[in-house]
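Here the structure is a predicted model, which means the values were calculated and not measured. Throughout, residue positions are numbered sequentially from 1 according to the sequence presented.
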Amino acid sequence: RQEGIDVAANMYVYEAGATGLTASFPPSLQDGGFGKLWERLHDPSIREEMKQAMKSNPKDWENLYYAAGSPDRVLLLGFSNDSLKKYAGKSLAEMADIRGTSPEEIAMDFIIQDSSRVGTAYFLMSEGNIEKEIALPWMSFGSDAGSLANEGVFLESSTHPRAYGNVARLLGKYVRNKKIITLPEAIYRLTKLSAEKLHITRRGELKDGYFADVVIFDPVRIQDHATYAVPHQYATGVKDVIVNGQLVLKNGEPTNATPGRFVKGPGYVGAN
């Protein structure tokens with residue numbers, strides 16, 4: 001809280017953000033939705049316009065392709081088309097070499113061929129800025145990713161390593177090794193501060209009358225292992241996890257208990 005105002009800053013501790021490959025295209029050419037964009041990408045004159053727009057630094061929209069700095073800093077993560085999934089984990093620069101065309105043409109071709117926005121990581125942040133942001137006392141942390149497993153259908157696509165390693169990376173790299181913030185401060189921001197920002201009651205602290213959500217970890221061993229090249233790797237160093245008073249992870253192994261529940265904030269209005 002700063003001067004009586006809730007500050008909702010939240011971050012993950014990686015150099016790349018992730019969204020769709022469509023974030024490289026101007027909104028004007030996406031007007032009408034994805035279907036209209038897909039149709040426009042078949043028009044040679046529009047493709048030429050799109051190519052020039054991708055290489056520009058516009059003032060009226062955020063061009064993540066330009067912001068990344070070069071096509072080797074734009075990493076393809078996820079496809080819907082099975083024939084394209086082999087390219088997950090490659091950059092636009094690598095694909096341009098493989099297919100013998102420009103990165104901009106590759107981007108447009110993949111949108112057409114996959115009929116999707118194509119999950120993509122853009123390397124936009126610097127290590128120095130990550131450390132400065134972590135040090136801000138109102139900053140909380142979140143993975144900004146879905147819950148995945150390193151098995152089955154999840155392995156058919158790449159993903160951002162934040163899905164597996166964000167909290168462990170914070171506690172291992174930035175708390176234990178770099179000492180950007182203290183361990184108690186990190187735990188407070190991962191728990192109580194986050195619950196307060198979302199206005200979730202009776203969670204985020206170990207107190208009588210609160211739901212028993214507890215993570216027991218070894219601060220010496222906590223470590224992320226997921227990388228951009230090999231993202232489907234679990235972090236290590238967490239021993240036990242208790243959700244609503246029941247063990248769901250015991251000595252590092254799942255118990256198959258499912259005590260989780262839908263947590264409602266003040267904005268919930270029911271089904272009406």
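Here the closest heavy-atom approach between residue Asn244 and residue Phe211 is recorded as OD1-CD2, 3.5 Å. In terms of heavy-atom proximity, Leu247 sits nearest to Ala257 at O-CB, 3.6 Å. The two residues Thr22 and Ile111 have their closest heavy-atom pair at CG2-CD1, 3.8 Å. Residues Ala163 and Leu148 come closest through the heavy atom pair CB-CD1, 3.9 Å. Here the closest non-hydrogen pair linking Leu170 and Val13 is N-CG2, 3.9 Å. Of all heavy-atom pairs spanning Leu75 and Gly89, the tightest one is CD1-O, 3.2 Å.
Between Asp144 and Arg162, at least one side-chain N (NZ, or NE/NH1/NH2) sits under 4.0 Å from a carboxylate O, which counts as a salt bridge. For the pair Glu104 and Arg47, the salt-bridge criterion is not met [side-chain N within less than 4.0 Å of a carboxylate O]. Using a cutoff of 4.0 Å between basic side-chain nitrogens and carboxylate oxygens, Arg40 and Glu49 are not scored as salt-bridged.
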Check step by step if side chain to side chain contact (heavy atoms under 4.5 Å, CB included) holds for Ile46 and Leu41.
-> CA-CA 7 Å; Ile46 291 179; Leu41 290 178; 5.5 Å; no
Tell me, with the steps shown, if Thr255 and Leu249 meet side chain to side chain contact (heavy atoms under 4.5 Å, CB included).
-> CA-CA 6 Å; Thr255 65; Leu249 193 74; 5.9 Å; no
Take Arg202 and Asp213 through the test salt bridge (Lys or Arg N to Asp or Glu O under 4.0 Å) and record every step on the way to the result.
-> CA-CA 10 Å; Arg202 293 197 294 157; Asp213 297 332; over 6 Å; no
Can you check side chain to side chain contact (heavy atoms under 4.5 Å, CB included) on Leu21 and Arg117, steps first, answer last?
-> CA-CA 6 Å; Leu21 192 53; Arg117 59 200 288 267; over 6 Å; no
Test side chain to side chain donor-acceptor pair (under 3.5 Å) on Lys197 and Ser140 and set out the steps.
-> CA-CA 9 Å; Lys197 285 183 176 183; Ser140 56; 2.9 Å; yes
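If you chain together hydrophobic residues whose side chains sit under 4.5 Å apart, Leu76 and Val230 never meet in one group. Residue Val118 is grouped with residue Ile98 when hydrophobic side chains (ILVMFWY) are merged at heavy-atom distances under 4.5 angstrom, including chains of intermediate members. Under the 4.5 Å side-chain heavy-atom criterion for ILVMFWY residues, no single connected hydrophobic cluster contains both Tyr164 and Val175. Hydrophobic clustering, with ILVMFWY side chains joined whenever heavy atoms are under 4.5 angstrom apart, keeps Leu198 apart from Met139. Following chains of ILVMFWY side-chain contacts shorter than 4.5 Å, one cannot reach Val167 starting from Tyr234, and the two form parts of different hydrophobic clusters.
At distances below 3.5 Å, at least one donor-acceptor pair connects side-chain atoms of Asp114 with backbone N or O atoms of Ser80. Of the possible donor and acceptor atoms, one in the side chain of Asn63 sits under 3.5 Å from a partner among the backbone N and O of Ser56. Remark: side-chain polar atoms of Arg221 are not paired, donor with acceptor, to backbone N or O of Thr236 under 3.5 angstrom. With hydrogens and angles disregarded, no donor-acceptor distance shorter than 3.5 Å links the side chain of Arg203 to the backbone of Val263. At least one donor-acceptor pair closer than 3.5 Å links the side chain of Glu94 to the backbone N or O of Ser91. For Arg189 (side chain) and Ile134 (main-chain N/O), a donor-acceptor pair under 3.5 Å exists by modelled atom type. Within the 3.5 Å criterion, the main-chain N or O of Ala16 finds a donor-acceptor partner in the side chain of His160. Under the 3.5 Å distance criterion, the side-chain polar atoms of Thr101 are left unmatched by any main-chain donor or acceptor of Arg99. Glu131 places no side-chain N or O within 3.5 Å of a backbone atom of Ile180 that could act as its donor or acceptor partner.
More than 12 heavy atoms of other residues, nucleotides or ligands shown are found within 6.0 angstrom of NZ on Lys85. No more than 12 heavy atoms of other residues, nucleotides or ligands lie within 6.0 Å of NZ in Lys36, so this atom counts as exposed by the packing criterion. Heavy atoms from other residues, nucleotides or ligands lying under 6.0 Å from NZ of Lys55 number more than 12. Applying the 6.0 Å contact sphere to CD of Glu62 captures no more than 12 heavy atoms from other residues, nucleotides or ligands.
Proximity of Tyr228 to Pro161: side-chain heavy atoms (C-beta onward) are separated by under 4.5 Å at one or more points. Side-chain contact between Tyr87 and Asn81 is absent, with no heavy atoms from C-beta onward closer than 4.5 Å. Looking at Ile216 and Val238, their side chains never come closer than 4.5 Å, going by heavy atoms from C-beta outward. Looking at heavy atoms from C-beta onward, Leu193 lies out of side-chain contact with Trp138 at the 4.5 angstrom threshold. Residues Phe141 and Met11 form a side-chain contact, since some pair of their non-hydrogen atoms from C-beta on lies under 4.5 Å apart. Side-chain contact check for Tyr14 versus Asp224: some heavy-atom pair is nearer than 4.5 Å. The side-chain heavy atoms of Phe154 and Thr159, taken from C-beta on, include no pair separated by under 4.5 Å. In this structure the side chain of Ile130 reaches within 4.5 angstrom of the side chain of Glu15, judged on heavy atoms.
The CH2 atom of Trp61 sits 8.5 Å away from atom CG of Leu29, with the distance rounded to the nearest 0.5 Å. His42 contributes atom NE2, which lies 10.5 Å from atom CG of Leu37 (distance to the nearest 0.5 angstrom). Here Tyr65 contributes atom OH and Ser70 contributes atom OG; the two are 8.0 Å apart, rounded to the nearest 0.5 Å. The CZ atom of Phe34 lies 10.5 Å from the CD atom of Glu39; values are rounded to the nearest 0.5 Å. Of the inter-residue distances, the one linking Glu133 atom CD with Ser126 atom OG reads 9.5 Å to the nearest 0.5 angstrom. With values rounded to the nearest 0.5 angstrom, Lys264 atom NZ is found 11.0 Å from Thr201 atom OG1.
A side-chain donor from one of Ser24 and Tyr122 sits under 3.5 Å from a side-chain acceptor of the other.
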